[in-house]
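Here the structure comes first, spelled out in structure tokens, and everything after it is commentary.
Letters A, B, ... are given to chains in the order of the sequence lines, protein chains preceding strands, and every chain is numbered from 1. Since the structure is predicted, the reported quantities are computational estimates derived from the model, not experimental observations.
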Number of protein chains: 2
Amino acid sequence: MITRETDYAIRAMLYLAHHAGEGAISAAEVAEAMDIPYRFLRRILLRLVGKELLVSTRGKQGGLRLARNPEMVSLLDIVQAMDPEVITLNSCVLKSALCTRSSYCAVHDELCRIQIFVNAELGAISLARLVKHESGREDDLPQR
Amino acid sequence: MITRETDYAIRAMLYLAHHAGEGAISAAEVAEAMDIPYRFLRRILLRLVGKELLVSTRGKQGGLRLARNPEMVSLLDIVQAMDPEVITLNSCVLKSALCTRSSYCAVHDELCRIQIFVNAELGAISLARLVKHESGREDDLPQR
DNA sequence: GCCATATGATACTATCTTCGTATCATATGC
DNA sequence: GCATATGATACGAAGATAGTATCATATGGC
Ligand code: FES
Ligand code: FES
């Protein structure tokens, strides 16, 4: 399950992708536009900077911008940056030791198979694709 | 994310599928064989009976058995029985109202697409298939 | 230089969820 | 009638989640 924190991270990245090439954008602007509690968002952005998905500039006129092209950032990148354990269907997918049946559990194989598919799908969804997909409904988007 | 409770439910169903046609099996036996806390399992089994995945017999010689053929019970059935909100990648997949962007959020569509796939996959995995898959490693299985 | 504005870093708290336990009631076979 | 089994809830500890608060530090413009 994608947590709300990760959901916010995705929305923030999406907003910054929409305004890529417009220079640094402040956390306050993102918070208001995307309807995210400001202080909560600050901590999230800090993390995204630390994971090198964003670059920040301090001081007046400072703010955030994408560290890479929107084509080069996937949903998986964001999800993994926020939560190292990602979405994982079942914890045994990560640590099979948790399941005492792990040496012979057929469920494990099936879940891993699905998990691999999910990760591949998330990895294939770039911010650019999402932006493009939304651009057809430009009117609905919060304007700067 | 599949919770541990649901994981236990799957293991219990799997054990009962392995011993389908052998009459009622007690919760105590399942608990010991599958390494699940007895009282916790009791509550889980109660739920599975309520959702009509299991049928129970009370009193001496009583216990549980599958309500349907192992071919007719999927992982999705079990997961849905334990947690109505299933695995859901993101809560907005369920209640789009939660996301203020829901009317135009491209993420939503993508997540729903993946979710549908995951559910279809889980729905295609029957207990019979899992039992069959494990039967090649019969030696590893806890014996009755 | 000073100050408004911006991020960096971390500590703290309330609430919810998860995992598990405990208790008592009820049914049934021998 | 009694051991054995499930039915139904209530309770509790621990952890995760969502959000707040506080301080430090950098920087552009006056
Ligand atoms: S290894 Fe995951 S349920 Fe068994
Ligand atoms: S509707 Fe789910 S992230 Fe927007």
Next item on the list: Take B/Y15 and B/E29, measure what side chain to side chain contact (heavy atoms under 4.5 Å, CB included) needs, and give me the verdict at the end.
Entry: CA-CA 10 Å; B/Y15 184 81; B/E29 177 180 334; 2.6 Å; yes
Could you tell me the separation between the [atom1] atom of [X] and the [atom2] atom of [N], rounded to a whole number of Å?
X	N	atom1	atom2	result
B/R65	D/dT6	CZ	C1'	13 Å
B/R4	C/dT21	CZ	P	11 Å
A/M82	D/dA16	CE	P	16 Å
A/L64	D/dT27	CG	P	15 Å
A/D83	D/dA18	CG	P	11 Å

Margin query: If the threshold is 4.0 Å, N to carboxylate O, is there a salt bridge linking A/R129 and B/E110?
Written below: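 The answer is yes: the pair qualifies as a salt bridge.
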Note to self: Under a 4.0 Å threshold between the charged nitrogen and the carboxylate oxygen, would A/D109 count as salt-bridged to A/R113?
What the structure shows: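 Salt bridge between A/R113 and A/D109, a charged N being under 4.0 Å from a carboxylate O: no.
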Note to self: For a quick check of understanding: with a heavy-atom distance under 4.0 Å over all strands, which category does B/A28 fall into, base, sugar-phosphate or nothing?
What the structure shows: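 No contact at all - B/A28 keeps every heavy atom at 4.0 Å or more from the nucleic acid.
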Margin query: Atom CZ of residue position A/R65 - does it have more than 12 heavy atoms of other residues, nucleotides or ligands inside 6.0 Å?
Written below: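 Not more than 12 within 6.0 Å, no.
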Checklist line | Whether over 12 other heavy atoms sit under 6.0 Å from B/E71 CD | finding: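 Yes, because the 6.0 Å sphere around CD of B/E71 holds more than 12 heavy atoms from other groups.
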Notebook entry, point to check: For B/Y8 and C/dG20, is the shortest distance between a side-chain N/O and OP1 or OP2 below 4.0 Å?
Noted result: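 Indeed, a polar side-chain atom of B/Y8 lies that close.
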Next item on the list: Would you tell me if any nitrogen or oxygen in the side chain of A/T3 comes within less than 4.0 Å of OP1 or OP2 on D/dA18?
Entry: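 So the side-chain polar atoms of A/T3 do come within 4.0 Å of the phosphate oxygens OP1 or OP2 of D/dA18, strictly under.
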Item checked: Contact list for DNA chain C against residues 37-53 of chain A - heavy-atom distance below 4.0 Å ->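 Heavy-atom cutoff 4.0 Å gives A/Y38, A/R42, A/R43, A/L46, A/V49.
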What N/O pairs connect the protein and nucleotides 27-30 of chain C at under 3.5 Å? Give each pair on its own line.
from: C/dA27; atom 1: O4'; to: B/R58; atom 2: NE; distance (Å): 3.2
from: C/dA27; atom 1: O4'; to: B/R58; atom 2: NH2; distance (Å): 3.4
from: C/dT28; atom 1: O2; to: B/K60; atom 2: N; distance (Å): 3.4

Next item on the list: Select from B/T6 and A/G62 the residue whose nearest nucleotide in DNA chain C is closer to the 5' end of that strand.
Entry: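 Counting from the 5' end, the first nearest nucleotide belongs to A/G62.
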Next item on the list: Could you check A/L127 against A/H18 for side chain to side chain contact (heavy atoms under 4.5 Å, CB included), going step by step and ending with a plain yes or no?
Entry: CA-CA 9 Å; A/L127 287 180; A/H18 263 287; over 6 Å; no
Next item on the list: Kindly determine whether A/L66 and A/L54 satisfy side chain to side chain contact (heavy atoms under 4.5 Å, CB included), including the steps that lead there.
Entry: CA-CA 5 Å; A/L66 294 184; A/L54 294 177; 3.7 Å; yes
Checklist line | Value rounded to 0.5 Å, distance of CZ in B/F117 from CZ in A/F117 | finding: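 If we round to the nearest 0.5 Å, B/F117:CZ and A/F117:CZ are 4.0 Å apart.
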Notebook entry, point to check: What do the steps show when you test B/E121 against A/V118 for side chain to side chain contact (heavy atoms under 4.5 Å, CB included), and what is the final call?
Noted result: CA-CA 11 Å; B/E121 284 295 310; A/V118 170; over 6 Å; no
